[in-house]
Amino acid sequence: MKIIIIGDGKVGYALAENLSKEGNDVTIIDKDPEPLKKASEYLDVMCIKGNGVSTKVLMEAGVKDADLLIAATTSDEMNMVCCLTAKKLGAAHTIARIRDPEYASELSVLKRELGLDMVINPELECAREIGRVLSHPTAAEVEPFAKGRVELVEIKVTGSMPVARMKLKDISAGICPSILIGAVQRNGEVIIPNGESRIEENDTIYVIGRPADVHDFCSRVVPDSNRVRNVMIVGGGRIAYYLAKYLEEADIRAKIIEIDRDRCYELSELLPNTLIINGDGSEETVLDSENLCDMDAFVAVTGRDEENLLTSLYARHCGVNRVVAKINRITYASLIKNMGIDSVVSPKQITANGIIRYVRGLKNAMGNPVETLYRIIDGKAEALEFIAGQSTKFLNIPLRDLKLKKGILVAAIVRKNEIIIPHGKDIIMSGDSVILIVKDQHFSDFNDIVEPGGIRNEL
């Protein structure tokens with residue numbers, strides 16, 4: 001696909017990196033030559049210096065033949081104008097990054113009036129992910145599928161957990177039969193397990209099932225886990241605002257520590273049920289005076305990775321059960337988790353995942369496109385959701401009669417309101433949502449998961 005990205009900041013660069021790796025023809029437009037120089041040196045992309053609103057610049061980038069234009073500059077208004085101009089000039093699809101909370105309630109109107117195919121708000125999506133993590137006291141990451149009817153959670157196994165040193169078939173029989181452990185990370189390696197696989201101490205496991213069943217599993221695995229009731233948030237930016245709104249609706253008490261006094265006044269008006277503290281959240285004395293040790297959870301979402309990391313480590317040192325840090329340089333995520341921080345979130349990675357999912361869907365819109373995509377285990381594996389349709393070649397055939405490609409696990413089948421943890425006798429029907437765990441491969445079409453000639457009853 002021919003894709004144009006306007007804006008070569010953190011998000012634009014991450015998008016260009018991921019989309020070019022997937023074989024797309026990517027062009028980046030930016031007014032600043034410095035980030036373009038970095039992109040041209042390290043990525044297989046074309047770079048154009050110029051204003052993305054300029055018709056001349058867009059024509060030079062080939063907008064008339066573009067399959068997709070993504071506007072990811074720092075200005076919401078510029079992103080909207082870029083997409084509107086691109087659509088008028090012939091771009092087939094457009095995506096705009098729109099971050100201002102004032103636009104959050106108007107996104108459906110903006111999409112319709114401006115002809116946007118997708119709107120993405122990295123801070124809002126990041127806040128939602130943190131909110132899901134806080135609702136599962138044992139989970140480091142929580143990803144929803146099938147419109148929230150299925151969840152995938154990441155859990156770090158400790159020696160005190162009953163699942164340590166157990167085989168998967170024994171976990172299913174003795175602890176919770178209605179969940180599936182779809183992937184295991186051990187010493188940096190990814191394992192797609194089977195019933196004979198054994199869970200070891202220090203493994204990271206990825207558990208999939210209905211939200212209630214996953215929550216039940218978590219409570220059985222860590223019986224002393226308590227529901228999060230009090231949260232301290234350091235940093236008062238957009239993520240903090242969206243997260244506090246989420247926590248207010250979930251009846252969880254939150255306090256925000258923000259160094260900018262004027263921003264504190266704004267937040268106090270926007271969030272009447274959240275305590276706003278004017279102070280430097282990187283200072284131990286401030287954190288101690290606000291009773292950090294009594295908090296159930298701590299979230300660091302300032303604009304500085306170093307500050308988020310240090311305050312999170314201090315919160316862990318103080319005994320806070322749940323610690324979440326926002327990190328922009330996601331390459332350090334696994335290192336940071338090993339330092340004791342439960343969850344690491346990256347707005348740019350969340351944005352990239354959402355857009356890659358959309359791009360893969362466009363690539364095969366007539367077939368069985370990807371509905372949901374999450375990169376897991378530091379990008380070494382993916383969790384994908386497909387909708388089976390009439391073009392699916394293996395409908396109504398037992399899974400045991402399908403020869404799936406290596407490194408693929410059918411983790412769940414969602415049929416209307418029924419959630420099926422599949423066995424060999426189960427079948428895939430038209431209209432089913434099918435969730436896969438995939439290692440070392442990329443798919444844009446559901447039919448590609450089966451080896452050529454891999455439907456045994458047709459041989």
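- Under the 4.5 Å side-chain criterion, counting only non-hydrogen atoms from C-beta, L152 is in contact with I376.
- The heavy-atom pair separating L247 from A254 by the smallest distance is CD1-CB, 3.8 Å.
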Give the intermediate values and the outcome of side chain to side chain contact (heavy atoms under 4.5 Å, CB included) for residues K439 and I408. CA-CA 7 Å; K439 174 187 173 184; I408 296 174; over 6 Å; no
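- With sequence neighbours excluded, the residues forming a salt bridge (Lys or Arg N to Asp or Glu O under 4.0 Å) with E125 are R128, listed by chain and number.
- Take E284 and apply the salt bridge (Lys or Arg N to Asp or Glu O under 4.0 Å) test, not counting sequence neighbours, and it matches no residue.
- Atom OG of S343 sits about 12.0 Å away from atom CD1 of I327, to the nearest 0.5 Å.
- By the 4.0 Å N-to-carboxylate-O rule, K255 lies close enough to E290 to be salt-bridged with it.
- Within the model, atoms CD1 of I355 and CD1 of I70 stand 4.5 Å from one another, a figure rounded to the nearest 0.5 Å.
- With sequence neighbours excluded, no residue forms a salt bridge (Lys or Arg N to Asp or Glu O under 4.0 Å) with R132.
- A 4.5 Å side-chain heavy-atom check between I257 and V286 finds at least one atom pair inside the cut-off.
- F145 meets the ring pair (Phe, Tyr, Trp, His ring centres under 6.0 Å) test with Y374; sequence neighbours excluded.
- Between the OG1 atom of T73 and the CG atom of D30 there is a distance of 9.0 Å, given to the nearest 0.5 Å.
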Side chain to side chain contact (heavy atoms under 4.5 Å, CB included) between I28 and L36: does it pass, once the steps are laid out? CA-CA 8 Å; I28 303 176; L36 289 178; 3.9 Å; yes
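- Heavy-atom contacts from other residues, nucleotides or ligands closer than 6.0 Å to NZ of K31 number 12 or fewer.
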Show your reasoning for whether side chain to side chain contact (heavy atoms under 4.5 Å, CB included) applies to D432 and V414. CA-CA 6 Å; D432 286 352; V414 182; over 6 Å; no
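- Listed for the N24 side chain is no donor-acceptor partner under 3.5 Å among the backbone atoms of V26.
- Other residues, nucleotides and ligands contribute only 12 or fewer heavy atoms inside 6.0 Å of the NZ atom of K21.
- For E189 and R186, the salt-bridge test fails: no basic side-chain N is under 4.0 Å from an acidic carboxylate O.
- Counted by atom type alone, N278 and Y265 present zero donor-acceptor pairs between their side chains at under 3.5 Å.
- Shown are D305, T311, L313; of these, the side-chain contact (heavy atoms from CB on, under 4.5 Å) with L309 is made only by L313.
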In sequence, state the C-alpha distance, the side-chain angles, and the governing distance for I435 and I208, and then conclude on side chain to side chain contact (heavy atoms under 4.5 Å, CB included). CA-CA 9 Å; I435 299 161; I208 194 164; 3.4 Å; yes
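- Checking side-chain atoms of R263 against main-chain N and O of L267 turns up no donor-acceptor pair under 3.5 Å.
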Let me have the donor-acceptor pairs involving side chains of residues 13-20, under 3.5 Å, with sequence neighbours excluded, atom names and distances please.
residue	atom	partner	partner atom	Å
N18	OD1	R375	NH1	2.8
N18	ND2	A14	O	2.7
S20	OG	A16	O	2.8
S20	OG	E17	O	3.1

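- Side chains of E201 and T158: a donor-acceptor N/O pair is absent below 3.5 angstrom, by distance only.
- Atom CZ of F446 sits about 10.0 Å away from atom CG of L384, to the nearest 0.5 Å.
- Atom CD1 of I252 and atom CG of N273 lie 13.5 Å apart (nearest 0.5 Å).
- For residues 86-101, the pairs satisfying salt bridge (Lys or Arg N to Asp or Glu O under 4.0 Å) are K87-D117, R99-E123, with sequence neighbours left out.
- The CG atom of L436 sits 10.5 Å away from the CD atom of E382 when rounded to the nearest 0.5 Å.
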